[in-house]
Amino acid sequence: MTDKVVLAYSGGLDTSVAIKWIKDKYGYDVIAVTIDVGNEKDFSAVREKALKVGAVKALVIDAKKAFVTDYLFPVLKAGSLYEGVYPMATSIARPLMAKLLAEVALAEGAVAVAHGCTGKGNDQVRFEVAINALAPDVKIIAPAREWGMTREDTIKYAAKFGIPVPVKTGHAYSTDENLWGRSVECGVLEDPWAEPPEEVYAWTKSPAASPAKAEYCEIDFDKGIPVACDGAAMDGVALISKLNELAGKHGIGRIDHVENRLVGIKSREIYEAPAAVLLLTAHQSLEDMTLAKDQSRFKARVAMEYADLIYNGLWFTANRQDLAAYVDSTQRFVTGTVRLKLFRGSCTVVGRKSPYSLYSHGLATYEKGDQFDQSAAPGFIQIFGLPVKTQSRIQPLFKSETDKKSKGKGK
Ligand code: ARG
């Protein structure tokens, strides 16, 4: 019996060529697996193409629900953005894909899993580290990293073996998309000084061309998870899809980032993440109201660690499970409603409420009903400032140059 390999199949040129190339180079039968994480494609056409190009079997797995529940919501609860800006749409889909590929490989008794990543990116690391964690005995093949073909060579190879080459759109961008956002790189974007041309964007209106009238939207959260929009309960997939459309219409979620790849390269990427930006903004504002100061601060550090480990492909690790447990614990009172104003590229929180709000009007108000005991303030300041006073008496503070000069002039 011929050995089998499970290939992560997108339907694009590289993975189509890979079907033939793996058969020739390794002699394996290829099982093509295409994973639907909200990348809105004609999946039956993708499946057909895999079979036509020579796969012995082609599966399409609808993983949208699992993607939202087990991957996107944990990231949202953590409030993680890689390097403070990137919502990690591409990064967070990889462990789920790797998990499904490993499952198919084990079920089919395949000897290897293959992916179409090159040797310069993060995705190869994410796939391989995850597959090694879940199916350590399965080999990994990375055709696009091994074959040493340029894009032109690949097109020639495809033509030679009757593999359909996608019609050139004229724009040399590399894109990836799913429910959490869209990633765009290459072409003119490789010049970090070049402003992204409008054609780069597919999900967001230019803020200049977005509606002149602001729109409001209310998101209900239950323990950190968004459950309704404008009072209508929705499942996660429907909610995120709706918000991508709504926020995209108002030009929200465009991100231009020069990021640090795990493999040591700085790369310029454009992201569109309307729903992610909206939800992260709303969620943060609800936490501002329901978490204590120390919780918020410590959680922000965890969010950064969490972002790094997702970006670096370390999802299936004990460390990730431990951080997730902490994050879940922080969310037990993150329940309430956030009101957002969407207008010309910005998404602003204009209202928030929660049954667990720590905001006390009686303590905050400067008007009637003030419950704050101002007479306790001097005692508080006396003790709080005690070490400062003590130290400055014994160890006089540095006088800055400007201080000296201005004193000199004044005399
Ligand atoms: N730089 C992003 C990441 O590593 C996205 C990578 C995929 N981007 C693309 N345009 N194909 O997560």
Side-chain angles (χ1 to χ4, degrees), residues 8-16 18 34-35 37-41 46 67 71-72 74-76 78 80-98 115-130 142-145 151 154 166 169-192 194 196-197 199-204 253-274 276-277 280 303-316 320:
Y9 185 67
S10 69
L13 179 66
D14 282 352
T15 51
S16 298
T34 305
I35 296 157
V37 277
N39 25 337
E40 287 171 67
K41 268 196 194 162
V46 174
F67 185 43
Y71 297 80
L72 299 187
V75 182
L76 176 62
S80 287
L81 289 166
Y82 182 61
E83 296 183 336
V85 290
Y86 167 37
M88 301 186 292
T90 297
S91 333
I92 188 65
R94 300 316 187 190
L96 170 59
M97 292 177 167
H115 61 72
C117 308
T118 71
K120 291 181 73 172
N122 299 310
D123 287 331
Q124 53 173 345
V125 183
R126 297 171 183 148
F127 275 123
E128 295 181 32
V129 171
R145 191 173 63 196
R151 177 136 184 113
T154 321
T169 52
H171 312 311
Y173 302 115
S174 159
T175 61
D176 177 60
E177 60 186 64
N178 61 50
L179 282 166
W180 207 230
R182 183 169 173 268
S183 309
V184 193
E185 59 182 356
C186 300
V188 65
L189 302 176
E190 287 182 355
D191 174 2
E199 72 193 16
V200 162
Y201 301 103
W203 288 12
T204 53
R254 293 185 170 191
I255 299 156
D256 183 337
H257 187 205
V258 174
E259 74 193 34
N260 291 293
R261 281 192 199 160
L262 180 56
V263 295
I265 303 168
K266 279 195 192 289
S267 78
R268 198 274 191 101
E269 190 117 27
I270 299 298
Y271 298 107
E272 291 183 283
V277 166
L280 284 160
M304 201 165 79
E305 289 296 320
Y306 207 149
D308 280 356
L309 78 81
I310 291 168
Y311 188 86
N312 294 339
L314 299 171
W315 182 263
F316 294 110
R320 205 286 299 178

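Ligands are counted one by one from 1 in listed order, and the atoms in each one are counted from 1 as well. Given the structure is predicted, the values throughout are model-derived calculations rather than measurements.
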| Could you walk me through whether Q124 and R145 pass the side-chain contact (heavy atoms from CB on, under 4.5 Å) check? | CA-CA 9 Å; Q124 53 173 345; R145 191 173 63 196; 2.9 Å; yes
| said: Assess whether a salt bridge exists between D191 and R268, defined as any Lys/Arg side-chain N lying under 4.0 Å from an Asp/Glu carboxylate O. | reply: no
May I have a table of the N/O to N/O pairs between ligand 1 and the protein that fall below 3.5 Å, each row giving the two atom names and the distance to 0.1 Å?
unit_1	atom_1	unit_2	atom_2	d
ligand 1	1 (N)	E259	OE2	2.6
ligand 1	1 (N)	E269	OE1	2.8
ligand 1	1 (N)	Y271	OH	3.1
ligand 1	4 (O)	N122	ND2	2.8
ligand 1	4 (O)	R126	NH1	3.2
ligand 1	4 (O)	R126	NH2	3.0
ligand 1	8 (N)	E269	OE2	2.8
ligand 1	10 (N)	S174	O	2.8
ligand 1	10 (N)	S183	O	3.4
ligand 1	10 (N)	E269	OE2	2.8
ligand 1	11 (N)	S174	OG	3.0
ligand 1	12 (O)	Y86	OH	2.7
ligand 1	12 (O)	S91	OG	3.0
ligand 1	12 (O)	R126	NH1	3.0
ligand 1	12 (O)	R126	NH2	3.1

| query | Within 45 degrees of the axis of the six-membered ring of Y71 and under 6.0 Å from its centre: does R94 put its NZ or CZ there? | reply | no
| request: Search all heavy atoms of E272 against all heavy atoms of T204 and return the closest pair with its distance. | output: OE2-OG1, 2.5 Å
| query | Between T34 and Y9, is there a donor-acceptor pair closer than 3.5 Å when you use the side chain of the first and the backbone of the second? | reply | yes
| message | Which residues pass the side chain to side chain donor-acceptor pair (under 3.5 Å) test with E83, not counting sequence neighbours? | response | H257, N260
